[in-house]
Amino acid sequence: MSETENSTTTNFIRQIVEQDLKTGKNDGHVHTRFPPEPNGYLHIGHAKSIVLNFGIARDYNGQCNLRFDDTNPHKENIEFVDSIQQDVRWLGYDWQDRLFYASNYFQQLHDFAVELIQAGKAYVCDLDGEQMRAYRGTLKAPGQESPYRSRSVEENLALFARMKAGDFADGERVLRAKIDMGSPNMNLRDPTLYRIRHGVIHHQTGEAWCIYPMYDYTHPVSDALEGITHSLCTLEFEDHRPLYDWVLDNISISCHPQQIEFSRLNLEYTVLSKRKLTQLVDEGFVEGWDDPRMPTVAGMRRRGYSAASIREFCLRIGITKSDGLVEMGMLENCIREDLDAHAPRRMAVMHPLKVVIENYPQGQSESLTAPNHPKDEAMGERQIDFCREVYIDQADFREQANKKYKRLVTGGEVRLRNAYVIKCEAVMKNNQGEIVELRCSYDPETLGKNPQGRKVRGVVHWVSAQHGVKGEVRLYDRLFNQANADKVEEGGRFTDNLNPDSLRTLTDCYFEPALAKAGVGEQYQFEREGYFILDSREAAREELVFNRIITLRDSWAKIDKTGG
RNA sequence: UGGGGCGUCGCCAAGCGGUAAGGCACUGGGUUUUGAUCCCAGCAUUCGUAGGUUCGAAUCCUGCCGCCCCAGCCA
């Protein structure tokens with residue numbers, strides 16, 4: 001697809017980078033990083049950050065590291081570490097040999113902490129969580145200094161060593177920065193630097209450590225150690241920046257990256273917080289992290305979104321500091337644009353209605369040729385079998401309708417896509433009065449050309465009853481009913497907003513024979529219906545199972561609804 | 001004693017003192033063996049608001065209003 005990448009794309013962060021380059025800051029280097037915590041799967045909000053960080057590195061001849069911010073072992077695991085790498089790669093980015101873990105720096109982090117203690121800028125505090133909260137003050141009232149704040153350097157050194165040695169239980173003591181309990185910025189009221197965590201096996205360091213550094217302390221040090229020039233993060237870290245700078249100003253390290261914040265992505269009809277996504281998975285509201293309805297990279301991949309379309313989306317929404325709620329239509333347009341250009345066309349009938357073509361010889365069939373793409377001849381063609389009995393979609397026939405309805409009506413004509421024009425001669429019903437079959441005739445002169453003297457406006461897709469392959473289709477709709485899925489009534493839960501009809505399964509579908517050879521990861525357009533992909537988890541099954549990625553734009557639906 | 005941010009079309013977003021880009025959505029019209037695609041046209045006299053500075057303000061200044069974030073030993 002025509003990615004706007006690196007052409008017109010600019011944003012305030014790129015402007016800062018360009019300015020830095022111009023003034024020779026950082027010796028003309030650009031070095032970014034994408035630093036996820038491995039406590040869940042990546043979602044489209046992460047994709048925004050990935051596209052930003054790796055994109056800047058690529059466009060300004062710099063580098064971008066992948067770094068796991070793995071300082072809180074009991075929320076993290078190796079499954080997440082693996083999935084994150086897979087997802088970043090799938091999105092099209094390469095960190096080469098620069099895969100890092102914050103835990104790589106545990107020793108250095110420790111040594112810098114000792115340095116802070118020696119400089120009288122950090123102390124061991126015995127207050128428990130509740131006491132600490134009380135001492136911290138409130139948003140409007142200053143905090144009180146901890147009674148342990150004035151311990152001697154020697155005592156702090158000894159205590160910190162004992163923390164590290166495992167002499168204390170979880171929560172018994174922490175190491176704190178000595179900054180300002182009266183600061184209007186809560187983050188500067190002697191923030192915790194280290195806490196004690198026993199009995200957890202860290203996915204990288206095992207049981208080597210029982211003290212773990214906090215994000216606010218770890219992040220600036222990790223960035224500096226890696227020579228990051230621009231440390232990009234989301235808006236909620238804005239008031240952590242003074243602490244980020246404090247850490248680097250008070251340890252013996254020369255590199256001092258610039259933290260720049262941008263707004264996180266909010267998307268209509270879904271949630272993008274790891275906490276909530278975790279709940280959806282853990283409480284069984286969805287099949288898993290890769291459920292096709294999930295806004296995760298894994299879910300979107302399984303759903304059939306292309307990496308290019310996700311990248312394009314991330315570029316189109318831009319980077320700013322204002323928080324917004326992006327319409328789904330924006331994302332949908334990106335995938336439709338990509339798939340329209342690249343997906344081969346096929347025919348599939350999802351609500352079959354049998355059509356018997358009475359003047360077509362019994363037992364006969366023929367192989368018709370159909371292009372794989374209406375505009376791109378290079379995509380070739382395939383054979384489609386035609387015979388006396390075919391299926392069309394129930395929605396493509398009405399006993400009677402006004403002239404706005406361009407499909408088949410009793411006594412009317414319609415073209416079978418890539419085949420002949422047929423005319424409905426009779427409607428067969430069962431005892432309940434339901435339509436079960438159509439009796440039609442076909443005009444043998446209409447293959448590849450229009451009939452003489454009359455216009456046939458409608459075209460419908462079809463599948464040969466004799467040659468078609470039966471299978472399943474899963475139709476996905478928005479996961480939530482509310483555009484702002486996070487917004488809940490007093491006392492409610494965000495899961496109250498879940499759309500009960502986000503998944504519909506159709507088991508009585510017919511696919512044209514060429515679809516039997518569909519491979520994992522191949523997207524198709526089922527003409528007049530939408531874009532589909534084989535479900536990767538069901539690919540081993542004998543029966544075909546397709547996921548609907550997205551419908552085609554449907555202007556008929558609007559006309560029909562307004563009384564067409 | 002509160003602090004930090006943000007307000008430009010329905011949504012996203014350029015704009016950086018010289019007279020409101022673009023994309024999505026939407027509305028018309030054309031082409032079409034997909035009611036798709038494609039093409040063409042339309043869509044902010046006005047930038048949260050009230051003042052001020054200026055020949056000139058979305059851009060600078062002041063006040064007001066609205067929204068978001070912060071009181072984890074989470075990130």
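Side chains included, hydrogens not; waters and symmetry mates left out as well; all remaining heavy atoms used. In what follows, every chain begins at residue 1, and chains take the letters A, B, ... in the order their sequences are listed.
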Under-4.0 Å side-chain N/O to phosphate OP1/OP2 contact, A:Thr71 with B:rA75: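 It does, given that an N or O in the side chain of A:Thr71 lies less than 4.0 Å from OP1 or OP2 of B:rA75.
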Would you classify [X] as touching base, sugar-phosphate or nothing, given that sugar-phosphate means primed atoms plus P, OP1 and OP2, and contacts are heavy atoms under 4.0 Å?
X        : answer
A:Gly143 : nothing
A:Phe237 : base
A:Val326 : sugar-phosphate
A:Arg336 : nothing
A:Asn418 : base
A:Gly129 : base
A:Pro242 : nothing
A:Gln15  : base
A:Lys375 : base
A:Met214 : sugar-phosphate
A:Arg417 : base
A:Lys321 : sugar-phosphate
A:Leu325 : sugar-phosphate
A:Arg136 : sugar-phosphate

Chi-angle category of B:rG72 [syn within 90° of 0, anti beyond]: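 That one's syn.
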Stepwise salt bridge (Lys or Arg N to Asp or Glu O under 4.0 Å) test for A:Asp126 and A:Arg151: CA-CA 11 Å; A:Asp126 301 4; A:Arg151 287 217 252 236; 2.3 Å; yes
Pi stacking test for A:Tyr215 and B:rA75: under 5.5 Å apart, planes under 30°: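 Taking the rule of under 5.5 Å and under 30°, the ring of A:Tyr215 does not stack on B:rA75.
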Can you check the distance between [N] and [M], where both ends of the measurement are the [atom1] atom (answer in whole Å)?
N      : M      : atom1 : result
B:rU49 : B:rG10 : P     : 13 Å
B:rC43 : B:rU8  : C1'   : 16 Å
B:rC67 : B:rU31 : C1'   : 47 Å
B:rC65 : B:rA50 : C1'   : 10 Å
B:rC24 : B:rA14 : C1'   : 15 Å

Go through [options] for me and flag the one nearest to the [X] side chain.
X        : options                : value
A:Glu238 : B:rG5, B:rA75, B:rG35  : B:rG5
A:Thr320 : B:rA13, B:rA25, B:rA75 : B:rA13
A:Arg195 : B:rC24, B:rG2, B:rC74  : B:rC74
A:Leu139 : B:rA71, B:rC12, B:rA75 : B:rA71
A:Pro142 : B:rU1, B:rU34, B:rA71  : B:rU1
A:Leu552 : B:rC73, B:rC69, B:rA36 : B:rA36
A:Arg345 : B:rC70, B:rA75, B:rU34 : B:rU34
A:Ser322 : B:rA75, B:rU34, B:rA13 : B:rA13
A:Lys558 : B:rG72, B:rA36, B:rU27 : B:rU27
A:Glu327 : B:rU33, B:rC11, B:rC69 : B:rC11

A:His43 and A:His46 aromatic ring geometry - parallel, tilted or perpendicular at 30°/60° bounds: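 A:His46 and A:His43: tilted rings.
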NZ/NE/NH1/NH2 to OD/OE distance under 4.0 Å, A:Arg528 and A:Asp396: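 Salt bridge between A:Arg528 and A:Asp396, a charged N being under 4.0 Å from a carboxylate O: yes.
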Check ion pair A:Glu226-A:Arg33 (N to O, under 4.0 angstrom):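 A salt bridge is absent here (no side-chain N lies under 4.0 Å from a carboxylate O).
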A:Tyr531-A:Gln523 side chain donor-acceptor pair, cut-off 3.5 Å: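 No, because no side-chain N or O of A:Tyr531 sits under 3.5 Å from a partner of the opposite role on A:Gln523.
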I need the [atom1]-[atom2] distance between [X] and [N], as an integer number of Å.
X        : N      : atom1 : atom2 : value
A:Glu18  : B:rC16 : CD    : C1'   : 14 Å
A:Arg454 : B:rU33 : CZ    : C1'   : 14 Å
A:Leu243 : B:rG3  : CG    : P     : 19 Å
A:His202 : B:rA75 : NE2   : C1'   : 13 Å
A:Glu261 : B:rC70 : CD    : P     : 14 Å

Audit row: A:His74, A:Val200, side chain to side chain contact (heavy atoms under 4.5 Å, CB included) steps and yes/no: CA-CA 6 Å; A:His74 75 229; A:Val200 271; 3.4 Å; yes
Other residues, nucleotides, ligands: >12 heavy atoms within 6.0 Å of A:Lys423 NZ: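 At most 12 heavy atoms, drawn from other residues, nucleotides or ligands, come within 6.0 Å of this atom.
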A:Phe100 six-ring face occupied by A:Arg67 cation (under 6.0 Å, within 45°):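 No, cation not above the ring by the 6.0 Å, 45° rule.
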